[in-house]
Amino acid sequence: MRLGVDLDDVIAICAVPYLRRFAQEYGVELPDEREIGWHLLREMDARVPPDERDRFRMKLYGGTFFSELDIYEDCPTVLERLVQRGHEIYFITARNERRRMVTETWLREKGILQHARAVHLKPHGEFRPDYPRGRYDPESSAVYKLGLAQELRLEAFCEDDVVIARTLAENGVRVLLFDQPWNRQVAHPRITRVAGWSAVGDLLLGGP
Ligand SMILES: [Mg+2]
């Protein structure tokens, strides 16, 4: 099977450290770790204005944030077994192309770069100036990932984002949706919710 794999919040534990740093910076209270997620940022309009959120994100991403992220513990083993079984893995992230160096170095350090046929980052020039500032832009990322899924003839995609998962599913790509607090409302015949990498292994490799 040709499998697309998102990075942030599928391989990398991303939302929790991001929100923790955000909360620390602006003195915001966070819920229990299991409920921490990107959806919380939407509720902070009154507390932290969009321009300020932009500033925070750019500063964080320009620093060591991406190179310090942890990965889900069971990810490397499952990826390795998928490749051994003949599956083709493509890492596909909406991180900007200018994060390629930090991203590939980090994937190599985590010992999983070699499992991927290729690493795709979102090219320059995809920035949508009309999109509300300070917000994540899932629509253009969905277009980007669907385009790659079609070009690479992917049969399935590991993803956590609501808009991206729905776009892929509605266009014929099977989605393994990594369960996160911000995607609990999504349901579609082509979307299978998974608890994590062990569950992906069970599904695609047929049991532990
Ligand atoms: Mg993601």
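Each ligand, and each atom within it, is numbered from 1 in the order the structure gives. All values reported here derive from a predicted model rather than from experimental measurement.
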>> Report the atom name of the nearest N/O/S atom of Asp8 relative to the Mg ion (ligand 1).
In response: O
> If you look at Asp160, which of its N/O/S atoms is nearest to the Mg ion (ligand 1)?
Replying inline: OD1
>> I need the Trp106 CH2 to Phe65 CZ distance, nearest 0.5 Å.
In response: 10.0 Å
> Do the rings of Phe66 and Tyr61 sit parallel, tilted or perpendicular, given the 30° and 60° boundaries?
Replying inline: tilted
>> Suppose we only count N/O/S atoms under 2.8 Å; would Asp6 qualify as near the Mg ion (ligand 1)?
In response: yes
>> I'd like to know if Arg166 pairs up with Asp161 as an ion pair, taking the criterion as any Lys NZ or Arg NE/NH1/NH2 lying under 4.0 Å from an Asp or Glu carboxylate oxygen.
In response: no
> Got a donor-acceptor contact below 3.5 angstrom from the Arg95 side chain to the Asp8 backbone?
Replying inline: no
